[in-house]
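Written out below as structure tokens is the structure these notes cover.
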2 protein chains.
Amino acid sequence: MSVPSTPTRGRPARLDHARTVRTALDLLDESGLDALTMRRLADAMGVQAGALYRYFATKQDLLTAMAERMLADADGPATDGEWSERLAALARAMRTALLDHRDGARVYAGTHSTGPNTLGFAENVLGVLRDAGFDDADAARALMAVANFTVGHTLEEQAALQPAGEGPGDAGPADAGVLRDAVAAGRYPHLTAALPVFTGPDYDAHFEFGLRLLVDGLRARR
Amino acid sequence: MSVPSTPTRGRPARLDHARTVRTALDLLDESGLDALTMRRLADAMGVQAGALYRYFATKQDLLTAMAERMLADADGPATDGEWSERLAALARAMRTALLDHRDGARVYAGTHSTGPNTLGFAENVLGVLRDAGFDDADAARALMAVANFTVGHTLEEQAALQPAGEGPGDAGPADAGVLRDAVAAGRYPHLTAALPVFTGPDYDAHFEFGLRLLVDGLRARR
DNA sequence: ACCTGAACACCGTTCAAGT
DNA sequence: ACCTGAACACCGTTCAAGT
């Protein structure tokens, strides 16, 4: 009882689950997913690479823990208002949570967390939908549709964001020129007309458009 | 003029772009993306790993060529009928093209092809939408929404398909049990109700549901 | 021109041994 | 109990040298 309540006193443990995940997310933001290696993470924690395996059985487990932690920011209390606006707010929160970390969507897409943040988010979305009158099957499938769209969109958005040459997938600003040249080289009248919309950087509007389609589709179904 | 028109006569070249991409897709189907290394591909072609770099500047270029080739199967002539059914048919063709190869969605999501199959597919979708009366911006954004949903969905579907233990992301059939346990351990009334839909393997229905939402959303907008 | 051989600078993961 | 040191079995990529 008389021991200090702050366990950081005394010889601080160099490694623990939460601190390691936080450091990994910092490293992700600084250098991207491709540069996030167990060795570099160990370095950042002042430890040898092998020591990480006392806390994470595999690198995949680490990535899953990172994905779970990201979703903490999307797992807030549901806003009030109409079901359609509450659903949209949750989808926006998910996109924002992934955008908050470099390669966030790639990390999320490559894992399958069953942690409280991930399940809590799903629970919130399902609650909004079931309260709105959708049955179990429709609510479940609507959640999947919204989540899959959001992940697919954010994957694309973050690929377009990163500077060319970094990470896989030669997306990025330089990609716009490559795409323009490729479209110009062939006979793509429709693509030529639509090209300015693609190369334009207004991903907020793109996301809102797709989200609107899903919500309106759900409204038509109710 | 008198040389044989079949260049396969004489000493056959061990390497060429198209044959290498085909072999890489075969290897992908057999062993999955994580087992697709430049060394193993070189082995399958009867060549040293370094030799591949005469045809592909990086492994990323190889993956992009693979993605481009996959989409050949989605780039057929547009069917006739109503715009909504033509659009749905194109989305289904894309999903099928990705499903046709193990980890197909992961390969596709990690690349940004500007080849004729990829651009041709986009051109087809845009043509259907613009012919239906959508303006350039709406057509472009509708294409993105449908493509992003399709990729997100198929990513999820293929992750759930693969046996546990293989590839990253401990999805797979075993994942259903993990998810069930996690849901049972917490207080998730909505998730508990919806769980059978998630663990059920009817991905066709899941895809059709999301696709329907998007199409109905577009109909409401026209 | 096309490919080999060998190297460079890394990886994830394991595990006996130290403290 | 927690971490080190060192190894194992690999990677993607480069490049002089061969044919």
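Letters A, B, ... mirror the listed sequences (proteins, then strands); counts begin at 1. Values below: every heavy atom of this structure, side chains too, minus hydrogens, waters and symmetry copies.
For the pair A/Arg14 and D/dT4, the criterion of a side-chain N or O lying under 4.0 Å from OP1 or OP2 is met.
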Output field dot_bracket for DNA chain C (Watson-Crick or G-U, both distances under 3.5 Å, | for other-strand pairs) contains ||.|||||...|||||.||
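Atom pair A/Leu41:CG and C/dT13:P shows a separation of 12 Å (rounding to whole Å applied). Going from atom CG of B/Leu52 over to atom P of C/dC2 covers 14 Å, rounded to whole Å. Residue B/Gln48 contributes atom CD, which lies 18 Å from atom P of D/dA17 at whole-angstrom precision. Protein atom NE2 of B/His17 is 15 Å distant from nucleotide atom P of C/dC2, rounded to whole Å.
The cationic atom of B/Arg95 (NZ for Lys, CZ for Arg) lies less than 6.0 Å from the six-membered ring centre of B/Phe207 and within 45° of the ring axis.
Using bins of under 30°, 30° to 60° and over 60° for the plane-to-plane angle, the ring pair B/Phe149/B/His153 lands in the tilted bin.
A salt bridge links B/Asp16 and B/Arg19; the closest N-O separation between the charged side-chain nitrogens and carboxylate oxygens is under 4.0 Å. Ion pairing between a basic and an acidic side chain is recognised when a charged N comes within 4.0 Å of a carboxylate O; B/Arg106 and B/Asp34 show such pairing. Under a 4.0 Å N-O distance rule, the pair B/Glu208/B/Arg92 qualifies as a salt bridge.
Across the C1' atoms, D/dC8 and C/dC11 are found 12 Å apart, a figure rounded to whole Å. When the C1' atom is used for both D/dC3 and C/dA16, the distance is 13 Å, rounded to whole Å.
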Please list, pair by pair, any protein nitrogen or oxygen found under 3.5 Å from a nitrogen or oxygen in nucleotides 8-12 of chain C.
residue	atom	partner	partner atom	Å
C/dC11	OP1	A/Thr37	OG1	3.4
C/dG12	OP1	A/Met38	N	3.4
C/dG12	OP1	A/Lys59	NZ	3.0
C/dG12	OP2	A/Met38	N	3.0
C/dG12	N7	A/Arg39	NH1	2.5
C/dG12	O6	A/Arg39	NH2	3.2

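Checked by atom type, the side-chain pair A/Thr118/A/Ser113 shows a donor-acceptor distance below 3.5 Å.
Between A/Arg69 and A/Asn117, the shortest heavy-atom contact is CA-ND2, 4.3 Å. Between A/Leu129 and A/Ala139, the closest heavy-atom pair is CD1-O, 3.5 Å.
Checked against the 6.0 Å centroid threshold, A/His206 and A/Tyr203 count as a close aromatic pair.
Comparing B/Ala51 and A/Ala49, the nucleotide of DNA chain D nearest to each residue sits closer to the 5' end for A/Ala49.
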